[in-house]
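Below is one structure, written out as structure tokens; comments come after it.
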2 protein chains.
Amino acid sequence: MARRRQSVTIKHVAADAGVSLQTVSRVINNEANVRPEMKTRVQASIDRLGYVPSIAARRMSGSKSYIILALNDRERTIEAWKAREGSDWVDQMLMGGMLKCAEHGYRLIFELVDTHDDNVQRELKAAIAALQPDGVVLTPPHADNPLITDLLVQHRIPFAAIGAETQAGPIHITMGDDRMAALAVRHLVAKGHERIGFIAGSREYALSGWRKQGYLAAMADAGLPTEHLCERGDFSYASGEVAARKLLSGKGRPTAIIASNDQMALATNAVAHEMGMRVPGDLSLVSFDNTPVVRFVQPPLTAIDQPVADTASCAVELLVQAIRGEELPPMPVVIEGSLIERESVAAPRRG
Amino acid sequence: MARRRQSVTIKHVAADAGVSLQTVSRVINNEANVRPEMKTRVQASIDRLGYVPSIAARRMSGSKSYIILALNDRERTIEAWKAREGSDWVDQMLMGGMLKCAEHGYRLIFELVDTHDDNVQRELKAAIAALQPDGVVLTPPHADNPLITDLLVQHRIPFAAIGAETQAGPIHITMGDDRMAALAVRHLVAKGHERIGFIAGSREYALSGWRKQGYLAAMADAGLPTEHLCERGDFSYASGEVAARKLLSGKGRPTAIIASNDQMALATNAVAHEMGMRVPGDLSLVSFDNTPVVRFVQPPLTAIDQPVADTASCAVELLVQAIRGEELPPMPVVIEGSLIERESVAAPRRG
DNA sequence: CTGAAAGCGCTAACAG
DNA sequence: CTGTTAGCGCTTTCAG
């Protein structure tokens, strides 16, 4: 294969502008110690020739690769992709992260590794060796895997942990899950609900605990009971069915349920219908995540939106700051979601 | 910032195995002219040290970057992402392409450029200069933009055009849109429908024409009329409403409609309900694309699945073959979808 | 079949 | 403030 050469290199620009390579380098890296006049001249040459630096060459010589790695769990991601259940986590993650990367001249590379596999470290090491990323975005449950975070710390690669239990690296972002759960509770309480059930998510995710705590705290604040009103699922539809059936078949059943994700909310909705209950007439329902599918079911579900794109965008922004050695804000940074009202919540029936 | 160095380089492997750099290079590139014994010894060192070559260094010296670019239209992609209408094109594209890339040691980088902007060429040139991709996946409507294809040809970068009208480069993939439309027609004819309406998509996409042609041909084959039964939308929900209203408000209205994408099908479904018609009792409906949302509406829609992931995967596979200089199959390669039966099709009412 | 030398495009370190 | 020099890790080219 023919050797593929850069068509316009820093040399061409230097020759065109009549300066040294180094001066051009300083201009493209926006370094100090270049006279404005010089800078203008060089920039003019860059624009005229349409010069864009090669990221491979920059990586080779300098310390930057201009690559940020977005690490996701292989098994879960592939499963979700194949199931086509309408979750757009990958989409939101990718678009949010990619667009922010582009603003700073970075590229985002999406990578899958097995969290549970003994080979995590080997897989991650290989990705690091191949790509030499300047930063890594870690999504749950990776964000809490010490095999991953330790390796990153050791390689001195800054990482942004999204939804992690504890702060293992420089950047720690959450989506305010506890406050969002409390918001859902208050929304239902304001409608007059007193018996509010909750379906928790998988223990493997820190956010499951936060959502549950937020629920418990808000219920306590409102002076409402939670006994026999809290079940745990694993985020799957099937687990949602089981939990919903338990909650709805006992005595003193709830007039409203908050489900920790959309699939479990969908399942709850189906179970309610199956049991002859109307949503929202007999049962109000608030979902978590607000993936596109909740808008298309009957009734469209009131949901807590999980701001995935904003979070990914923020992760990249902070990563770039960290790479540049700039000071970071206090952690954790909280990107709060919001409650989207639709048609699955109403006042409870009296009696 | 500290200069970040590769922890294990080809030099370490060479020293460990007691051979020259070149021999190691030959082994990792699977070249001929290495004694099996040598190869084994080198491979052992590679495994022991956990060596993985740096793609930046490989790009610098050799001709390969091990990067494949997936090019999508900026405006449309961002619009679809923000609308959160439940389309999972990006997801399917990314996962299909990325997993196939990984199999061959490549990485997929997702990039957005403005098809309509005068700066397409500048944007694309910049991406090429920065990344030096070994291949590019082009999605509609990029695949038919000569500003893009010419530039790629000129740079001798092989590209896979998905859903392009004509073959501008080495790889040309379609999803058999005409045959899929015919399949939808035959499905409806088999149920007893004779007046079958069709809502075409935006002229900007070659596949809109193919789908329409497939419909017209299949209708002709069945000896059925198409006059006043064919409207054109632009793939948007709003355009679907307009088209559906036209089709359903005339005399001799259709007993079934095929919509060229899911949003227009959803719109048709809504219009039918609004007009007091039942789906599928009074109107059967077949949708195109089969994005997740069609499973969650009432009734769940029978749809032609568009095999986006398989297509992206195939594009990458063929690209890798092209990069290696291997022979390619005859073009276009057709990745056919299938008809997914759900609940929006029934026999027409008699009368 | 294997090795040595040269250099890809850029930046770090140092010298002026 | 600007230029020079020396590589980064790998593949290509050319010798053996």
Side-chain angles (χ1 to χ4, degrees), chain A residues 1-42 46 49 51-67 105 128-132 134 323-325, chain B residues 1-42 46 49 51-67 105 128-132 134 323:
Chain A
M1 172 170 299
R3 196 181 179 90
R4 184 138 58 211
R5 283 226 194 57
Q6 211 78 352
S7 43
V8 182
T9 72
I10 198 170
K11 278 189 190 168
H12 298 106
V13 177
D16 186 82
V19 298
S20 71
L21 303 187
Q22 195 44 35
T23 302
V24 179
S25 174
R26 286 189 180 107
V27 171
I28 63 181
N29 289 296
N30 206 15
E31 279 171 25
N33 297 344
V34 184
R35 265 184 316 174
E37 181 208 337
M38 201 90 271
K39 192 165 171 172
T40 314
R41 200 164 90 207
V42 171
I46 289 176
L49 301 177
Y51 168 70
V52 175
S54 150
I55 84 167
R58 296 181 101 171
R59 160 63 196 111
M60 283 304 291
S61 49
S63 43
K64 292 194 199 158
S65 63
Y66 294 91
I67 284 174
I128 290 173
L131 264 12
Q132 295 281 342
D134 292 343
I323 292 162
R324 290 186 181 146
Chain B
M1 172 170 300
R3 198 179 176 90
R4 183 136 59 212
R5 284 226 191 59
Q6 211 79 351
S7 44
V8 181
T9 71
I10 197 170
K11 278 189 189 168
H12 297 105
V13 177
D16 187 81
V19 297
S20 70
L21 303 187
Q22 194 40 38
T23 302
V24 179
S25 174
R26 286 190 179 107
V27 171
I28 62 182
N29 289 296
N30 207 14
E31 281 172 21
N33 295 345
V34 185
R35 266 183 315 173
E37 182 209 336
M38 200 94 270
K39 191 166 172 174
T40 314
R41 200 164 89 208
V42 171
I46 289 175
L49 301 176
Y51 168 69
V52 175
S54 151
I55 84 166
R58 295 181 101 172
R59 160 65 197 109
M60 282 303 291
S61 48
S63 44
K64 292 194 198 156
S65 63
Y66 294 91
I67 284 174
I128 290 173
L131 263 12
Q132 295 281 342
D134 292 343
I323 292 162

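Naming: A, B, ... by sequence-line order, numbering from 1 per chain.
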Does C:dC1 have OP1 or OP2 sitting under 4.0 Å from an N or O in the side chain of B:T23? no

Can you tell me which residue among B:V42, B:N33, B:I10, B:V13 is in a side chain to side chain contact (heavy atoms under 4.5 Å, CB included) with B:T23? B:V42

Do you know which of A:I28, A:V27, A:N29 makes side chain to side chain contact (heavy atoms under 4.5 Å, CB included) with A:E31? A:N29

What about B:R59, does its side chain sit under 3.5 Å from the base of C:dG9 through a donor-acceptor pair? no

Would you tell me if any nitrogen or oxygen in the side chain of A:Y66 comes within less than 4.0 Å of OP1 or OP2 on C:dT11? no

Starting from C1' on D:dC10, measure out to CD1 on B:I46 and report it in whole angstrom. 13 Å

Rounded to the Å, how far apart are A:L21 CG and D:dG7 P? 17 Å

5′-ward residue of the pair B:A57/B:R26 relative to DNA chain C: B:R26

B:Q6 side chain reached by A:Q132 side chain, heavy atoms, under 4.5 Å: yes

Any N/O donor-acceptor pair, B:S61 side-chain to C:dC8 base, under 3.5 Å: no

What does B:Q6 touch in the nucleic acid at a heavy-atom separation under 4.0 angstrom: a base, only the sugar-phosphate, or nothing? sugar-phosphate

Give the nucleotide from the list D:dC8, C:dT2, D:dC1 with an atom nearest to the side chain of A:N33. D:dC1

Look at the side-chain N and O atoms of A:N29 and state whether any lies under 4.0 Å from the OP1 or OP2 oxygen of C:dT11. yes

Whole-Å gap separating C1' (C:dT11) and CE (B:M60): 11 Å

Separation of atom CE in A:M38 from atom P in D:dC1, rounded to whole Å: 12 Å

Residue pair B:S65 / B:R59: nearest heavy atoms and the distance that separates them: CB-CD, 3.7 Å

Spacing of B:Q22 atom CD relative to C:dA6 atom C1', expressed in whole Å: 12 Å

Rounded off to whole Å, could you give me the CD-to-C1' distance for the B:E31 and C:dT2 pair? 12 Å

Quick one: A:I55 CD1 to D:dC8 P, roughly how many Å, whole number? 20 Å

Can you tell me how far C1' of C:dG9 sits from CD1 of B:I128, to the nearest Å? 18 Å

Answer with base, sugar-phosphate or nothing: what part of the nucleic acid does B:I28 contact at a heavy-atom distance below 4.0 Å? sugar-phosphate

Measure from the side chain of B:I10, starting at C-beta and using heavy atoms only, and say which of C:dC1, D:dT11, C:dC10 lies closest. D:dT11

Within the pair A:R58 and C:dT11, is there a side-chain N or O less than 4.0 Å away from OP1 or OP2? yes

Closest contact, heavy atoms only, A:R26 versus A:V34: CB-CG2, 3.7 Å

For D:dG3, take OP1 and OP2 only and decide whether either is under 4.0 Å from a side-chain N or O of A:S20. yes

